[in-house]
Amino acid sequence: MAEITKVALDAMGGDNAPAEVVKGAVDALTREPHLFIFLVGQEEAVKNELNKYPYDRNRIEIVPASEVIEMAEPPVNAIRKKKDSSIVVGMKLVKEGKADAFVSAGSTGAVLVGGQVIVGRIKGVERPPLAPLFPTENGVSLLIDCGANVDARPSHLVQFAKMGSIYMEHVVGVKNPRVGIVNIGAEEEKGNALVKETFPLLKAEKSIHFIGSVEARDIPRGTADVIVCEAFAGNIILKLFEGVGNTLIRELKTGMMSNLRSKIGALLVKPALKNTLKKFDTAEYGGAPLLGLNGLVVKTHGSSKSKEISNTIVQCVTFKKQKINEKIKESIQAENTADE
């Protein structure tokens, strides 16, 4: 019998909470039979949303949390002072082993701080990175780091590459994933000080399949399966990618509705276009896990609707099945043994 995955979901986090969060939770239960959800948040608000849907009452439990950490709050102070916030209460469920994962569309800063302070890092992990999947010509690639470590060191990027490779192989199913470092040119001597120092370390690392530098224009082509960078560059890449994608889709729809001929053409290509646009919809790929913690913490977009929330919850089931945390621990322990 398959093991149940228990997910603590921040019902109050994000621009569309609690309505879209609760809707996403109910949808995830219909998709994944071996799933239990703790909805963490203000009890009455969560109940009111749940009452809109038929659901199995044996598979959802409301965990009361009276406070909400707002997006603009300083993360460290918020985690320290708002002990009864949905983020803190949800992460404690993971820390105490009552939940396998915590999912939130709330404050990124609070999720990052709470993940390290409450859930805690795997011993030997220097910096946990945020690692989202995004669509490319060849399927998906993992961008690591996209928001957690703006001032990373070479050793951090090497660990990112290792953890990203483990994730791509065991969650996405890419054997021997290609690892590339973001750079301004293909030549090894190019780049800033961080890239120049990191490149030879990645090249010498036998546990990964390093292919060298990857320029920004090559990322959407799927040149590498794991894209390694510090969070400043990673966040710019991710948001530019999302912004350009959304703009192109809007312009395409506007153009197809501009006159009668284009409307007829749009009707003819609609099935193929729908499949293509779905492939490049970032909501299809769930949230960004904060890798390297003692439990799974996943951050979704603040603007997430129910589809992305649902996909993120289902993503947690795969994470548990593939024992990603255990594999990361083994990798870090092997690294520490080799250094002794």
Side-chain angles (χ1 to χ4, degrees), residues 1-69 84-107 110-111 114-115 118-119 171 283-290 293-302 304-325:
M1 186 175 176
E3 195 174 356
I4 299 295
T5 299
K6 296 181 179 181
V7 176
L9 179 61
D10 176 10
M12 312 310 294
D15 303 335
N16 304 302
E20 291 291 324
V21 178
V22 172
K23 184 179 178 182
V26 173
D27 180 66
L29 289 178
T30 65
R31 296 170 57 193
E32 177 51 62
H34 306 293
L35 178 66
F36 183 92
I37 297 175
F38 296 103
L39 277 171
V40 186
Q42 295 170 344
E43 192 168 7
E44 280 306 308
V46 176
K47 274 184 181 177
N48 290 339
E49 292 302 325
L50 266 179
N51 288 336
K52 297 177 181 178
Y53 309 100
Y55 68 94
D56 186 345
R57 295 178 183 275
N58 294 317
R59 298 176 63 200
I60 285 185
E61 178 183 336
I62 298 174
V63 178
S66 61
E67 298 175 299
V68 178
I69 295 177
D84 200 41
S85 66
S86 53
I87 289 178
V88 171
V89 173
M91 286 195 177
K92 282 184 177 177
L93 290 174
V94 176
K95 181 183 180 180
E96 294 165 1
K98 296 176 182 176
D100 301 298
F102 173 74
V103 172
S104 178
S107 163
V111 171
I118 299 171
V119 178
V171 173
E284 292 289 334
Y285 302 98
L290 188 59
L293 298 180
N294 287 314
L296 176 59
V297 172
V298 186
K299 174 68 178 70
T300 67
H301 293 95
S304 291
K305 295 290 186 71
S306 60
K307 179 169 74 170
E308 185 167 353
I309 297 292
S310 177
N311 287 337
T312 302
I313 295 169
V314 172
Q315 178 186 19
C316 296
V317 178
T318 305
F319 195 100
K320 182 180 179 180
K321 281 180 182 176
Q322 295 299 327
K323 303 183 184 298
I324 300 303
N325 274 16

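Just so you know, residue 1 is the first one in the sequence shown, and it goes up from there.
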### Message
Distance alone, cut at 3.5 Å: any donor-acceptor contact between the side chains of D100 and T5?
### Response
no

### Task
State which residue, out of I87, V298, L9, L296, fulfils the side-chain contact (heavy atoms from CB on, under 4.5 Å) condition with F102.
I87

## Note on the structure
Correct closest heavy-atom pair for P289 and G287 would be CD-O, 3.6 Å

### Task
Can you see which heavy atom on R59 is nearest to which on P33, and at what distance?
NH2-O, 3.3 Å

### Task
Would you mind reporting whether V297 and M91 have side-chain heavy atoms less than 4.5 Å apart?
yes

### Intermediate values then yes/no, side-chain contact (heavy atoms from CB on, under 4.5 Å), T318 and I324
CA-CA 9 Å; T318 305; I324 300 303; over 6 Å; no

### Query
Taking all atoms of both residues into account, what is the closest heavy-atom pair of T300 and A105, and its distance?
OG1-CB, 3.1 Å

### Message
With a 4.5 Å cut-off on side-chain heavy atoms, are I60 and L29 touching?
### Response
yes

### Task
Measure the CD1-CD1 distance between I37 and I313 for me, rounded to the nearest 0.5 Å.
4.0 Å

### Query
Should N16 and V21 count as side-chain neighbours, where that means a heavy-atom distance under 4.5 Å?
no

### Query
Is K52 salt-bridged to E49, cutoff N-O under 4.0 Å?
yes

#### Entry: Within-4.5 Å side-chain heavy-atom neighbours: N311 and R31
yes

### Query
Does any N or O in the side chain of D27 come within less than 3.5 Å of the main-chain N or O of K23, such that one atom is a donor and the other an acceptor?
no

### Query
Is E20 close to I309 at the side-chain level, that is, under 4.5 Å between some pair of heavy atoms?
no

### Task
Flag yes if more than 12 heavy atoms outside K95 fall under 6.0 Å of its NZ atom; otherwise flag no.
no

### Query
So how far is it from T30 OG1 to L35 CG, rounded to the nearest 0.5 Å?
10.0 Å

### Message
Give me the atom names and distance for the closest heavy-atom approach of A25 to L39.
### Response
CB-CD2, 4.2 Å

### Task
Any chance you could measure K299, atom NZ, to T312, atom OG1, to the nearest 0.5 Å?
9.5 Å

### Message
Strictly distance-based, threshold 3.5 Å: is any side-chain N or O of Q42 a donor or acceptor partner for the main-chain N or O of E44?
### Response
no

### Task
Please examine the side chains of D10 and V111, heavy atoms only from C-beta on, and report whether any two atoms are closer than 4.5 Å.
no

### Task
I would like to know whether V94 and L293 meet side-chain contact (heavy atoms from CB on, under 4.5 Å); could you show each step before the answer?
CA-CA 11 Å; V94 176; L293 298 180; over 6 Å; no

### Message
For K307, is there any backbone N or O sitting under 3.5 Å from a side-chain donor or acceptor partner on S310?
### Response
no

### Message
To the nearest 0.5 Å, what is the distance between NZ on K6 and CD on E61?
### Response
9.0 Å

### Task
Please report the shortest heavy-atom distance between Y53 and Y55, naming the atom on each side.
O-CD2, 3.3 Å

### Query
Looking at F36 and N58, what are the two nearest heavy atoms and their distance?
CE1-O, 3.2 Å

### Message
Within the structure provided, determine whether S85 and M12 are in side-chain contact (heavy-atom separation under 4.5 Å).
### Response
no

